[in-house]
Amino acid sequence: MRVSRFFMPVLRETPAEAQIVSHRYMLRAGLVRQQAAGIYSWLPLGHRVLRKIEQIVREEQDRAGAIELLMPTLQAADLWRESGRYDAYGKEMLRIKDRHERDLLYGPTNEEMITEIFRSAVRSYKDMPRILYHIQWKFRDEIRPRFGVMRGREFLMKDAYSFDLDAAGARHSYNKMFVAYLRTFARMGLKAVPMKADSGPIGGDLSHEFIVLADTGESQVYCHKDLVDMAVPENVNFDGDLEPYIKERTSLYAATDEKHDAEAFAKIPADKQLTARGIEVGHIFYFGTQYSKPMNAKVTAQNGEDVLVEMGSYGIGVSRLMGAIIEASHDDAGIIWPESVAPYRVGLISLKMDDPKTRQVCEDLYQKLGAAGVEVLYDDTDERAGAKFSTFDLIGLPWQIIVGPRGLTNNQVEIKNRKTGERQNLAPEAALDLFTRRT
RNA sequence: CGGGGCGUAGCGCAGCCUGGUAGCGCAUCUGGUUUGGGACCAGAGGGUCGCAAGUUCGAAUCUUGCCGCCCCGACCA
């Protein structure tokens with residue numbers, strides 16, 4: 001993409017409403033625009049990041065055996081009356097009437113709907129177990145939205161739901177999601193620690209929150225240091241025994257403020273005690289028959305008896321993750337995107353568009369990088385060098401290729417790593433090779 | 001919802017206390033000089049001063065009501 005034809009409204013100054021760093025940079029780098037309290041438009045750069053996060057979530061869900069579908073944002077109130085939650089949910093739920101005065105709601109979550117879909121389609125144990133998920137916009141009318149996209153009212157969420165014949169099966173489904181989450185967050189460059197959690201209004205008795213450690217996190221967390229850098233499970237057989245992966249983590253102390261047990265924490269060796277701030281990016285629940293019972297979701301088991309299905313639900317805050325990633329990865333100049341979610345991998349910066357040699361080398365690099373499938377954002381504008389450097393540091397692409405007449409007198413372009421700040425001078429062909437051979 | 005604050009040009013702000021018909025920086029446009037870390041000179045455009053009512057000869061400024069946004073708290077992916 002050429003900057004001269006792109007839509008990337010960067011702000012030199014910070015809008016007054018943005019307090020925390022991720023919010024400030026998201027506005028300044030032109031990732032989002034606020035439309036109302038807690039409701040955002042996703043501008044092209046932000047949209048690309050959102051799609052990349054979403055895709056990582058999708059791939060890891062699929063790998064764990066979950067199946068994607070898509071449910072609507074609007075739901076009929078009757079469905080929620082069946083579970084009893086229409087009245088229980090309170091003002092957080094946005095309630096709407098259609099032209100016929102029928103009660104609708106903008107879904108804050110989808111347990112009822114997925115239970116309805118499942119019960120109407122599945123009769124036999126032979127179609128079990130299943131994990132179904134979708135990635136869809138939700139709305140929760142928070143009393144006070146804040147921190148930009150980190151606590152919006154409208155947000156993109158992956159929510160998965162598991163259906164099993166018995167508690168042991170449900171436990172295995174829970175474990176699948178547990179492991180999938182470890183992999184998902186690690187791929188985004190995040191260190192997410194599973195912590196014991198309250199099951200909250202959704203209910204249930206087995207629940208973990210996945211917390212990203214970041215200084216600006218909204219909640220206080222306590223955990224064993226070894227959890228932070230624990231290796232992510234590779235080559236997992238999701239149909240095999242997953243308990244060892246779970247035990248490895250749950251045997252070490254980790255809790256959010258609400259569940260914190262100071263005595264247990266004190267038993268950790270002092271040099272392993274970690275008190276930090278955290279951002280919740282995922283939450284998994286096992287809740288048994290809490291919805292299948294009132295909604296009468298049953299299947300016939302092998303012995304011919306009808307049994308209520310055992311369920312769990314598993315959320316990831318997809319749009320929130322963008323904020324969390326920035327909180328965890330930035331410096332004074334701007335965002336530092338991990339390569340896996342960066343809107344473009346490479347920024348190609350022409351320092352002097354009216355220098356024929358510079359232009360020719362840039363155009364050639366741009367064309368060849370593109371042909372090789374490297375995502376490149378090419379600044380072909382007449383801006384001054386300093387302005388371009390600042391902009392590219394702000395938007396945080398992992399790599400910059402800086403091309404100017406000074407370097408080209410020695411047939412050199414400069415490669416800058418945004419994260420480390422390391423620079424190296426290479427011939428244009430060598431720079432091209434550096435990015436194309438690794439893809 | 002309780003407490004605090006803010007709404008004046010695209011962004012950041014001043015002006016309000018003490019009413020007299022709107023200003024600064026950045027950004028934008030034109031011309032020129034510049035050009036490897038947010039240039040300089042000259043000129044130009046751009047504002048229902050959040051909305052409404054009231055007070056007044058006159059309201060960005062005073063009064064009342066409403067709306068929106070931000071921060072702290074209780075709540076949440």
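These numbers were taken from a predicted model, which means no experiment stands behind them.
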Applying a 3.5 Å limit to both distances, which nucleotide forms a Watson-Crick or G-U wobble pair with B:A9? none
Map A:Arg33 and A:Gly282 onto RNA chain B by nearest heavy atom, then report which one ends up closer to the 5' terminus. A:Arg33
Which pairs of donor and acceptor atoms, one on a side chain in residues 11-22 of chain A, lie under 3.5 Å apart (sequence neighbours left out)?
from: A:Gln19; atom 1: NE2; to: A:Ala16; atom 2: O; distance (Å): 3.4
from: A:Ser22; atom 1: OG; to: A:Glu327; atom 2: OE2; distance (Å): 2.7

B:G2 - base-pair partner by Watson-Crick or wobble geometry, distances under 3.5 Å: B:C72
Looking only at atom C1', what distance separates B:A60 and B:G20, rounded to whole Å? 13 Å
Pairing partner of B:U63 (Watson-Crick or G-U wobble, both distances under 3.5 Å): B:A53
For B:G31, which nucleotide is its Watson-Crick or G-U wobble mate, given both distances must be under 3.5 Å? B:C41
Between A:Arg183 and A:Glu60 (salt bridge meaning N to carboxylate O under 4.0 Å), is one present in this structure? yes
Decide if atom NZ of A:Lys196 counts as having more than 12 heavy atoms of other residues, nucleotides or ligands within a radius under 6.0 Å. no
5′-ward residue of the pair A:Gln19/A:Val318 relative to RNA chain B: A:Gln19
Taking the P atom in each of B:A39 and B:A27, what is the distance between them to the nearest angstrom? 8 Å
Under a 4.0 Å threshold between the charged nitrogen and the carboxylate oxygen, would A:Asp226 count as salt-bridged to A:Arg249? no
What does B:A14 pair with, Watson-Crick or G-U, if both distances are under 3.5 Å? none
Contact class for A:Gly148 (heavy atom, under 4.0 Å): base, sugar-phosphate, or nothing? nothing
Using a 4.0 Å cut-off on protein heavy atoms (strictly under), produce a 5'-to-3' string for nucleotides 30-42 of chain B with B for base contact, S for backbone-only sugar-phosphate contact, and - for none. ----BBBBBB---
Donor-acceptor pair under 3.5 Å: do we get one between A:Arg153's side chain and the base of B:C76? no
Under-4.0 Å side-chain N/O to phosphate OP1/OP2 contact, A:Gln34 with B:C70: yes
Name the residue from A:Met128, A:Met311, A:Met113 that meets the side-chain contact (heavy atoms from CB on, under 4.5 Å) definition with A:Phe118. A:Met128
Could you work out the separation of B:G32 and B:C24 based on their P atoms and round it to a whole Å? 26 Å
Closest non-hydrogen atom pair between A:Phe392 and A:Leu377, with its separation: CE2-O, 3.9 Å
Rounding to an integer number of angstrom, what distance separates B:G47 and B:U8 when you compare their C1' atoms? 8 Å
Identify each atom pair where a protein N or O and an N or O of nucleotides 12-15 of chain B are less than 3.5 Å apart, giving names and distance.
from: B:G12; atom 1: OP1; to: A:Ala16; atom 2: N; distance (Å): 2.5

Presence of A:Arg144 side-chain N/O under 4.0 Å of B:C71 phosphate oxygens OP1/OP2: yes
